[in-house]
Amino acid sequence: MSDIPAPERFRAEAHAWLTSVARPRQADSAWGTGDDSVAVFENWSEDEEREHTELIRSWERTRFDHGWGALSWPAEFGGRGLPASYEQLYREEEAAFDVPRRTEIFPVTQQLVAPAIRIWGTREQQERWIRPMLRADQLACQLFSETEAGSDLAAVRTRAIRDGDDWTLSGHKVWTSGARAASWGVAVCRTDPQARKHAGITAFMVPMDAPGVTIRPIRQMTGGTSFNEVYLDDVRVPDADRLGPVGEGWRVTLTVLAAERLDSGSLGLANADRAVDLARHLSRPLTGSERNQVSDLYVRTLVQRLIGLRVTAALVAGREPGAEASVGKLYATETMRRTTDLVLQLLGPRLVADTGEWGAFAWTEHLLGAPGYSIAGGTDEIQRTILSERVLGLPKEPSR
C-alpha cells in the first residue's frame, strides 16, 4: 500500500505529465466554442472511423508507454496496480487537455474484453492478448447479438462445429459496434444444440480479417453507421482461440456483459455533465422545477460513478461482478433519460431548429441515440429480472 500515492499527489503528477505531452483546453474549453457534439453513437463514414481510431490509438499508446494507461492493472500487464478509483482521478485530469476522445471500441477492448480474457483465458492467451489490448495495439468487438435471439443471448444460433484442432463457425451477428476497426471479435456460439440453451454455448476469439468474415454497416436514424452486421461463413478458428471451457460460454458472456453494463453509462455521464453546464450557462433564470431537475441529475452522476467503481474493482481483481452491474446499467439508462428530459426543458424548440447555435441542435443526436441504451448490454427488463431472481430471490417465471 505504501507504493500507492495519495490522491492529491497522483493528480498533481498526472497533471504535470499531461502538461508535458498535450495542450491544455483553453479556447476549446470555454462555453460556446469548440466541439459541441453530444452524440451517443458517432455519425462517421468508414474512412472517418478509421482515421479517428488511429488518432485515439496513438494517444492510448503514449499513455500506456509512459505509465498512465492500465492504471489499475497489475504490473505484469503493464499497469501500476492502483485502486480502480485512480482511473477516474486520471480521467478528470485528462479532461482538461486537448486529447482524442475515446470511441466505443476502446472501452470495449480495454474494459470488457481484456478483463474477460484475464478471468477466462489461459496463461498463453493472457500473454498474447491482454497487454496489446491495453496498449490499443489490438482492438476487439463483441459478436453477441443475433436477429433471431433478440436480447436473449442464450438463444444464439451461430454454430461452432469441432473439426480436429479447429472449429468452423457459421452464423449472423448484428448490432456490432466497431467491427470495421476491430482486430478481434468475441463470438458467442452454440456448440451443443442438444444441451439446455445456457449450457451449450462456447466463446471464441475470431480474427476480423479471417476468410469468411463479412462486415456490413447498418444505417441509423441519426445518419451514421456505428453498428454493423457480421456474417460468419465457415470461418475456421483454432481451438487455441477458444475463450474459456467448451460449454461455459454463457459464463464468459456474463463477465463481458457485466463490464458492458458498467461502461454503457460512461458516455451518459459526459452528456449529463454537459447538460448541467448548459443549465449554468442558460441565458435566462432557471425555474424552480428546472433547478430541481439539475440538482437531481448532478447527484445522479455522483452515485453512478460510485456504482461504476464497485464493478470496476471486481473486474480488475479478476472476479465476476455480481448483480451490482445490473443496478449500474439500469441507473445509467435512467440518467440518460433524465438528461434528455432536462435538455428538452431547457432548450425547448431550439433543440430541433438547426440555426447554427452552439450547443443547441447538437443535442438531437443525444435525443435520438439515448433510447438505444435501454436495449444495449441487455434490456432494462432483463436487468430487473436478474435483480428479482439473484437479489430478491423471487422464483423464475414459469415457461409458457
Side-chain angles (χ1 to χ4, degrees), residues 14 17-25 28-29 34-73 77-79 87-115 129-142 176-186 208-209 215 217 220 222 224-228 259-260 262-271 273-274 312 362 365-366 369 376:
W17 177 75
L18 285 162
T19 300
S20 71
V21 295
R23 179 173 62 88
R25 294 188 188 276
D28 285 351
S29 66
D35 184 8
D36 66 345
S37 174
V38 285
V40 177
F41 303 108
E42 300 297 345
N43 190 10
W44 288 334
S45 67
E46 181 175 358
D47 288 342
E48 289 172 329
E49 181 180 9
R50 293 188 183 280
E51 178 184 354
H52 284 273
T53 298
E54 289 308 310
L55 287 173
I56 303 165
R57 191 199 301 266
S58 177
W59 172 244
E60 290 295 303
R61 288 169 173 165
T62 298
R63 288 182 53 228
F64 187 91
D65 291 345
H66 287 82
W68 295 99
L71 292 170
S72 54
W73 284 77
F77 299 115
E87 295 274 5
Q88 183 173 314
L89 294 178
Y90 171 81
R91 292 293 176 191
E92 290 174 0
E93 290 299 320
E94 187 185 72
F97 290 82
D98 186 16
V99 300
R101 180 169 58 91
R102 295 202 310 167
T103 50
E104 186 174 3
I105 194 171
F106 289 90
V108 165
T109 299
Q110 298 166 345
Q111 295 160 222
L112 278 63
V113 178
W129 283 316
I130 290 181
R131 191 181 184 98
M133 287 184 177
L134 296 179
R135 192 176 182 267
D137 294 326
Q138 297 182 16
L139 300 175
C141 63
Q142 297 167 257
T176 303
S177 301
R180 297 181 296 194
S183 314
W184 295 89
V186 184
M208 295 302 290
D209 60 354
I215 301 170
Q220 300 150 210
T222 58
T225 53
S226 297
F227 304 126
N228 304 272
E260 182 180 19
L262 161 66
D263 180 68
S264 63
S266 60
L267 182 58
L269 284 171
N271 285 359
D273 293 340
R274 178 68 71 87
T312 299
E365 291 208 47
H366 172 91

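These numbers come from a predicted model, not from an experiment.
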Would you say Glu46 and Thr225 make side-chain contact, with heavy atoms under 4.5 Å?
no
What pair of heavy atoms forms the shortest contact from Val108 to Ala140, and how long is it?
CG1-O, 3.4 Å
To the nearest 0.5 angstrom, please state how far the CG atom of Leu269 sits from the CZ atom of Arg91.
13.0 Å
Approximate separation, where rounding is to 0.5 Å, of Leu55 CG and Arg102 CZ
15.0 Å
Take Thr109 and Trp129 through the side-chain contact (heavy atoms from CB on, under 4.5 Å) test and state the conclusion after the steps.
CA-CA 10 Å; Thr109 299; Trp129 283 316; over 6 Å; no
Minimal non-hydrogen separation, Phe106 against Ala136, with atom names:
CE2-CB, 3.9 Å
Between Phe64 and Arg131, is any pair of side-chain heavy atoms under 4.5 Å apart?
yes
Looking at every non-hydrogen atom in both residues, tell me the closest pair between Glu48 and Ser45 and how far apart they are.
OE1-N, 2.8 Å
Can you check whether Arg63 reaches Trp17 side chain to side chain, under 4.5 Å on heavy atoms?
yes
Polar side-chain atom of Asn271 near backbone of Val38 as donor-acceptor pair, under 3.5 Å
yes
Examine distances only and state if a side-chain atom of Gln138 and a backbone atom of Met133 form a donor-acceptor pair shorter than 3.5 Å.
no
Donor-acceptor pair, distance only, cut-off 3.5 Å: does the side chain of Glu87 make one with the backbone of Ser72?
yes
When every non-hydrogen atom of Ala179 is compared with those of Cys141, the smallest separation belongs to CA-SG, 4.1 Å
Contact check, side chains of Val186 and Gln142, non-hydrogen atoms, under 4.5 Å
no
Mind checking whether Leu139 and Arg57 have side chains closer than 4.5 Å, heavy atoms only?
yes
Kindly indicate whether the side chain of Glu49, heavy atoms from C-beta on, has any atom under 4.5 Å from the side chain of Ile105.
no
Under a plain distance cut-off of 3.5 Å, with no hydrogens placed, do Glu94 and Trp59 share a side-chain donor-acceptor pair?
yes
With rounding to the nearest 0.5 angstrom, report the CG to CZ distance, Leu134 to Phe77.
8.5 Å
Are Arg180 and Pro217 close enough that some pair of their side-chain heavy atoms sits under 4.5 Å apart?
yes
Would Arg50 and Glu54 pass as an ion pair if we require N to O under 4.0 Å?
no
Taking the side chain as every heavy atom from C-beta outward, state whether Trp44 and Thr103 have any pair of such atoms under 4.5 Å apart.
yes
Is a salt bridge present between Arg274 and Asp36, judged by a nitrogen-to-oxygen distance below 4.0 Å?
no
